[in-house]
> 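Take a look at this one; I'll ask things after.
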Amino acid sequence: AAFPAGGRRGKPLDVQFSGLNMKPVSRTLVPAGSAFPWQSVSLSLDLHDGRDLPFLIGDEAELTEREPNDSRERSMTVPLEGATFNGRFDTPTDEDWFAVSLKKGQGVLIEVAAQRHVRSPVDTHVLVTDAKGTTLAENDDGDLFAGQCEHDFPSADSRLEFTAPADGTFHIRLRDQNGGSGPLAIYRLTIAPLKPDFRLNQWPDGVRIWGRGTTASFVVQVQRWGGLKGDIKLRIEGLPPGWIGSAGIAQQDTYYAPRHGLNQKALLTITAPANAKIGDLAAFRVVGRVDADGQSLERVAWPQTLHGSSHT
């Protein structure tokens, strides 16, 4: 396993690799600067079996979870601008606590990446309490992680949108319900201000077109949160001259959160020119844009691969 299991986009960091029958080894990585949310890393060791490890790429500040933070009184402070905490469950009963200060009506988005992408064998549970320890919210398995194009198996990673009922300091507890621990029991916990936003997942990442002048389709899955308003306009960018990409709209009124592996999807198409040659490749990307409340948001779809598709 790699620890930390991710880093901030474009910022160098030292990563330790460890596992059975090997001594821990460190190397410096520079997370890619593209919109893609992860990259593959591997070791250059004689005993390494050649497998790549997924390494996530984030946009928040990156911090390492440090003990002792195993009680509400010892919570690690979350920066006002948010952060991603790279942590590990050291013992079967380990609990990691974090504290965030909010004004009434302010919210935070709490997301765990462990089973998704990182391949960690933990089943997380998130709990939010007030300063006195009263439970205000909790989550076992995040609803948005139940979609068909987000990952390659049903995920038990936690996700929670929490809005403060009053001014105060609120405590976030993260634990593994399976009681797992050790070098492989790692996670990435992102705690960030809750804002209207959306995410697009594209499947498949490579769209096969079987003949000159013919058309093939692919799916774009939509996730939205934070009270995002407005329809999301989808377009295909970057195709060479002669290639045609369709456009689409993911309507606000027809959106619903994932349930039983189903949620809002849009179908887009690509048409090859009549003079296309066998073996021609055409790079492209899918961009979504929403205009609401005088503001615009654009997001590039995450193309799903072996590290991210339930269909491969």
Side-chain angles (χ1 to χ4, degrees), residues 1-17 26-41 52-66 69 76-89 96 98 100 107-120 122 124 126 139 142 144-145 147 149-152 155 157-162 172 174 184-202 221 223-226 228 285 288 297-305 307-309:
F3 187 84
R8 193 168 191 174
R9 199 176 307 276
K11 301 292 185 181
L13 77 162
D14 290 330
V15 178
Q16 184 181 80
F17 297 85
S26 297
R27 59 180 289 196
T28 299
L29 294 178
V30 180
S34 67
F36 205 54
W38 61 83
Q39 65 190 67
S40 297
V41 297
D52 290 337
L53 294 174
F55 186 83
L56 272 69
I57 304 169
D59 295 304
E60 309 294 337
E62 296 275 338
L63 298 174
T64 300
E65 173 262 332
R66 299 190 184 280
N69 67 329
M76 288 187 66
T77 301
V78 179
L80 293 176
E81 67 276 13
T84 295
F85 292 87
N86 293 279
R88 177 186 283 128
F89 296 111
D96 294 334
F98 307 86
V100 58
V108 288
L109 175 61
I110 305 167
E111 282 193 345
V112 175
Q115 293 184 2
R116 296 178 305 125
H117 316 311
V118 178
R119 297 294 188 265
S120 177
V122 300
T124 58
V126 164
N139 177 260
L144 286 193
F145 303 149
C149 297
E150 166 67 12
H151 41 72
D152 60 359
S155 168
D157 288 348
S158 305
R159 183 185 187 277
L160 183 63
E161 298 177 26
F162 173 74
I172 301 167
L174 182 67
L184 300 182
I186 58 178
Y187 64 82
R188 282 170 60 80
L189 171 66
T190 298
I191 304 171
L194 180 60
K195 302 175 181 178
D197 209 337
F198 69 96
R199 180 183 299 148
L200 305 174
N201 293 309
Q202 169 199 327
Q221 177 179 259
Q223 300 173 341
R224 59 166 75 207
W225 60 86
L228 180 70
R285 68 176 189 169
L297 277 178
E298 282 199 353
R299 296 290 181 259
V300 177
W302 293 357
Q304 302 304 287
T305 68
H307 286 321
S309 170

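Only this structure's heavy atoms are used, side chains among them; waters, hydrogens and symmetry mates stay out.
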> With distance as the sole test, does Asp96 use its side chain to make a donor-acceptor pair with the main-chain N or O of Leu174 at under 3.5 Å?
no
> Which pair of heavy atoms, one from Val118 and one from Ala113, lies closest together, and at what distance?
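Smallest heavy-atom distance, with atoms named: CG2-O, 3.9 Å.
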> Could you grab the distance from atom CZ of Phe98 to atom CG of Leu63, nearest 0.5 Å is fine?
9.5 Å
> Search all heavy atoms of Leu13 against all heavy atoms of Gly7 and return the closest pair with its distance.
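Nearest heavy atoms, Leu13 then Gly7: CD1-CA, 4.2 Å.
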> Please name the pair of heavy atoms, one in Ala2 and one in Val15, separated by the smallest distance, quoted to 0.1 Å.
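In this case the closest contact between Ala2 and Val15 is CB-CG1, 3.8 Å.
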> Side-chain contact, heavy-atom cut-off 4.5 Å: Gln39 with Pro31?
yes
> Has the side chain of Gln221 got a donor or acceptor atom that lies under 3.5 Å from a matching backbone atom of Leu200?
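Such a contact is absent between Gln221 side chain and Leu200 backbone.
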> Roughly how far, to the nearest 0.5 Å, is CZ of Arg116 from CZ of Arg159?
9.0 Å
> How about Gln202 and Arg285: do any of their side-chain heavy atoms sit closer than 4.5 Å?
no
> I would like to know whether Val100 and Phe162 meet side-chain contact (heavy atoms from CB on, under 4.5 Å); could you show each step before the answer?
CA-CA 11 Å; Val100 58; Phe162 173 74; over 6 Å; no
> Just verifying a value: how many Å separate Arg188 CZ and Asn86 CG, rounded to the nearest 0.5 Å?
5.0 Å
> Sequence neighbours excluded, which residues qualify as ring pair (Phe, Tyr, Trp, His ring centres under 6.0 Å) partners of Phe3?
none
> Looking at CG of Leu297 and CG of Leu228, how far apart are the two atoms once the value is rounded to the nearest 0.5 Å?
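Here the rounded value is 6.5 Å.
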> Shortest non-hydrogen contact from Asp14 to Pro4?
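Where Asp14 meets Pro4 most closely, the heavy atoms are O-CD, 3.7 Å.
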> Whether the side chain of Glu65 engages the backbone of Arg88 through a donor-acceptor N/O pair (distance < 3.5 Å, no angle test) should be reported.
yes
> Would the distance check show the side chain of Asn139 and the main-chain N or O of Val126 forming a donor-acceptor pair, the cut-off being under 3.5 Å?
no
> Which value, rounded to the nearest 0.5 Å, describes the distance between Glu62 atom CD and Ile57 atom CD1?
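If we round to the nearest 0.5 Å, Glu62:CD and Ile57:CD1 are 10.5 Å apart.
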> Check Val122 against Ala114 and note the closest heavy-atom contact, atom names and distance.
CG2-CB, 3.6 Å
> Tell me the closest heavy-atom pair linking Leu184 and Ser120, and the distance in Å.
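Smallest interatomic distance, heavy atoms only, reads O-OG, 3.2 Å.
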> Ignoring hydrogens and geometry, is there a side-chain-to-backbone donor-acceptor pair from Ser158 to Val112 under 3.5 Å?
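Side chain of Ser158 to backbone of Val112: no pair is present.
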> Between atom OH of Tyr187 and atom OG1 of Thr124, what is the distance when rounded to the nearest 0.5 Å?
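Tyr187 atom OH to Thr124 atom OG1 measures 10.0 Å (nearest 0.5 Å).
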> Which pairs would a plain distance check flag for residues 76-85, meaning a side-chain donor or acceptor within less than 3.5 Å of a matching protein atom at least two apart in sequence or in another chain?
| from | atom 1 | to | atom 2 | distance (Å) |
| --- | --- | --- | --- | --- |
| Thr84 | OG1 | Thr190 | OG1 | 2.8 |

